[in-house]
Amino acid sequence: MIDLRLLREDPETVRASQRLRGDSVDSVDDLLRADEARRSAVASFEALRGEQKQLGKLMPKATGDEKTALLARTKDLAAEVKAAEAAVNEAEQALRTAQFAIANVVQDGAPGGGEDDYVVLREVGDRPVFDNPRDHLALGELLGAIDTERGAKVSGARFYYMTGVGALLQLGLLQMGLWQSVEAGFTPMIPPVLVKPESMEGTGFLGSHAAEVYHLPADDLYLVGTSEVPLAAYHKDEILNLAAGPQRYAGWSSCFRREAGSYGKDTRGIIRVHQFDKVEMFSYCDPAEAAEEHLRLLAWEEEMLGKLELAYRVIDVAAGDLGSSAARKFDCEAWLPTQNRYMEVTSTSNCTTFQARRLNTRFRDADGRTQTAATLNGTLATTRMLVALLEQHQQPDGSVRVPKALQPFVGGRDVLEPAKAGS
RNA sequence: GGAGGGUUCGCCUAGUGGCCGAUGGCGGUGGUCUUGAAAACCACUAAGGCAGCGAUGUCUUCAAGGGUUCGAAUCCCUUACCCUCCGCCA
């Protein structure tokens, strides 16, 4: 939800942002009009309501003719107040609709354009070269780590079992991420993965993402696609104390995505699935500090990828591909040898005050005033990283090397060997 | 699933139609006192919208929505959530 004060004071910035995203510029003017309309509706309601209260005070003392006259006037007034109130509600509704039509103002420096207009900030690590690389699924099956066939049998396409060392590997990876965050001062969290409509809505996932979200109609609950949802809603309607700096959470959860509209894309293996696990960083901070905090989240993501000894690159996502809440987004993409391409493994967004405004999450600034907080999120560890891990660390015999930092989290194993017999 | 009880300003609590934006306590902040602290005492102590350079003014908010009334925290209806008991299942 966009800041109306900014809009009034500097509509041109908002227009420029809309242009950069390839979104409608007219909707900025629609919002300006709706804002004006609401304010005038409120003013007339308040004038009437004020009069009503004044006259109401006289009532108990009034007697006789005086009282009769007063009653006549207040009776009319009651109807007028009611009509004015209805007008305010209507204007507020219209304002909200217009407000939701505008995405967050893009941060200075973010590239314009759409999905393919990202800017590569850096490439890190040496991309491994193989003669005949096995893809992650072939490796996973060889190791007895991934079973997509039975996943499909039991639950359908895009479901899978992590088996044996696969299960250990996934848990180890997530734990490694979680511990890194704990050492950095994050509060680890295991949030609910079923949330109420208002929580889903508040975090902005029922907008353009609505088709992506699983809904349980019997209970009117939603399955979260990321723990960003319960972590963002955690402090809904609260005033935080951020005097000591950003408040950071690391949420471990399963994530559920319908993957509607992605038919035929990444159908092999576990790259694009309906359910996976993730440790997500989430930070509440002073908006003045948000851009810096964003770089810190990115640095933590890169620290993880470094410890996993993965070759990756960092991209600055273009405005048109940001999603409505983000003002800036950096993705880390790991190299996928068998596909000769990079694949997104982490994504960190600076939502500035956009998300927190809708959720009414504020903090008290140095002057003691309440201000909307900024929220940021970023991926620390996720099932999908295993895809890159298996492929990049594979050896000719089908075994997979375990990076040193991960070894303590998988029972000290340094190499995962192919299973003796298939089953 | 059945039967009751509840939801008030950070927490607890008073409040059964106008004097209630709302009592009191706790907590918090500032001050007096003290070598320092504690105690005691005093003061302040919700959020938001709008107007104004500002002091300030004004309106909204007593779970949410609707109704009764000139006037609602207070009366009526609906919904949500919480609690207790019973049943059922782990």
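Model, not experiment: these values are computed from the prediction. We name chains A, B, ... by the order of the sequence lines, and we start the count at 1 in each one.
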Whole-angstrom distance between [N] and [M], as gauged at atom [atom1]:
{"N": "G5(B)", "M": "A63(B)", "atom1": "C1'", "value": "16 Å"}
{"N": "U23(B)", "M": "G71(B)", "atom1": "P", "value": "25 Å"}
{"N": "A14(B)", "M": "A22(B)", "atom1": "C1'", "value": "10 Å"}
{"N": "G1(B)", "M": "U8(B)", "atom1": "C1'", "value": "32 Å"}
{"N": "A72(B)", "M": "C19(B)", "atom1": "P", "value": "11 Å"}
{"N": "U58(B)", "M": "G6(B)", "atom1": "C1'", "value": "35 Å"}
{"N": "C26(B)", "M": "A40(B)", "atom1": "P", "value": "9 Å"}
{"N": "A80(B)", "M": "G66(B)", "atom1": "C1'", "value": "15 Å"}

Strictly below 4.0 Å, N to O, side chains only: are Glu309(A) and Arg401(A) in salt-bridge contact? yes
Only pairs at least two apart or in different chains count here, so list each side-chain hydrogen bond (donor to acceptor under 3.5 Å, both in side chains) that has a residue in residues 86-99 of chain A. Arg38(A)-Glu92(A)
Does any donor atom in the side chain of Gln355(A) or Thr375(A) lie under 3.5 Å from an acceptor atom in the other side chain? yes
Measure from [atom1] on [X] to [atom2] on [N] and round the result to the nearest Å.
{"X": "Asn241(A)", "N": "G28(B)", "atom1": "CG", "atom2": "P", "result": "14 Å"}
{"X": "Arg38(A)", "N": "U60(B)", "atom1": "CZ", "atom2": "P", "result": "14 Å"}
{"X": "Lys236(A)", "N": "A64(B)", "atom1": "NZ", "atom2": "P", "result": "13 Å"}
{"X": "Asn89(A)", "N": "G49(B)", "atom1": "CG", "atom2": "C1'", "result": "14 Å"}
{"X": "Glu51(A)", "N": "C59(B)", "atom1": "CD", "atom2": "C1'", "result": "14 Å"}
{"X": "Lys82(A)", "N": "U60(B)", "atom1": "NZ", "atom2": "C1'", "result": "18 Å"}
{"X": "Gln54(A)", "N": "G18(B)", "atom1": "CD", "atom2": "P", "result": "18 Å"}
{"X": "Leu359(A)", "N": "G48(B)", "atom1": "CG", "atom2": "P", "result": "16 Å"}

Within the 6.0 Å centroid threshold, strictly below: Tyr222(A) and Tyr214(A): no
The side chain of Arg39(A) lies closest to which of these nucleotides: C70(B), U60(B), A51(B)? A51(B)
Of the nucleotides G49(B), C50(B), C70(B), which one has an atom closest to the side chain of Glu46(A)? G49(B)
Where along nucleotides 71-80 of chain B does protein come under 4.0 Å, by heavy atom, of base (B) or sugar-phosphate alone (S), with - for untouched nucleotides? S---------
Residues pairing under ring pair (Phe, Tyr, Trp, His ring centres under 6.0 Å) where one sits in residues 141-176 of chain A, two or more places apart or in two chains, turn out to be Phe159(A)-His274(A)
Does any N or O in the side chain of Glu212(A) come within less than 3.5 Å of the main-chain N or O of Ala260(A), such that one atom is a donor and the other an acceptor? yes
Heavy-atom donor-acceptor pair, Arg357(A) side chain to Met1(A) backbone, under 3.5 Å: yes
Of Ile239(A) and Leu70(A), whose closest RNA chain B nucleotide lies nearer the 5' terminus? Ile239(A)
Of Glu85(A) and Thr370(A), the one whose closest RNA chain B nucleotide lies more 5': Thr370(A)
For [N], what is the paired nucleotide under Watson-Crick or G-U wobble rules, both distances under 3.5 Å?
{"N": "C41(B)", "value": "G31(B)"}
{"N": "C70(B)", "value": "G18(B)"}
{"N": "C53(B)", "value": "none"}
{"N": "A3(B)", "value": "U84(B)"}

Using a 4.0 Å heavy-atom cut-off across all strands, classify [X] as base, sugar-phosphate, or nothing.
{"X": "Arg362(A)", "answer": "sugar-phosphate"}
{"X": "Arg357(A)", "answer": "nothing"}
{"X": "Lys53(A)", "answer": "sugar-phosphate"}

Geometric cation-pi criterion Arg158(A) and Phe276(A), 6.0 Å radius, 45° cone: no
Is there a side-chain polar atom (N or O) of Arg364(A) under 4.0 Å from OP1 or OP2 of G10(B)? no
Parallel, tilted or perpendicular: which describes the rings of Tyr284(A) and His235(A), with under 30° parallel and over 60° perpendicular? perpendicular
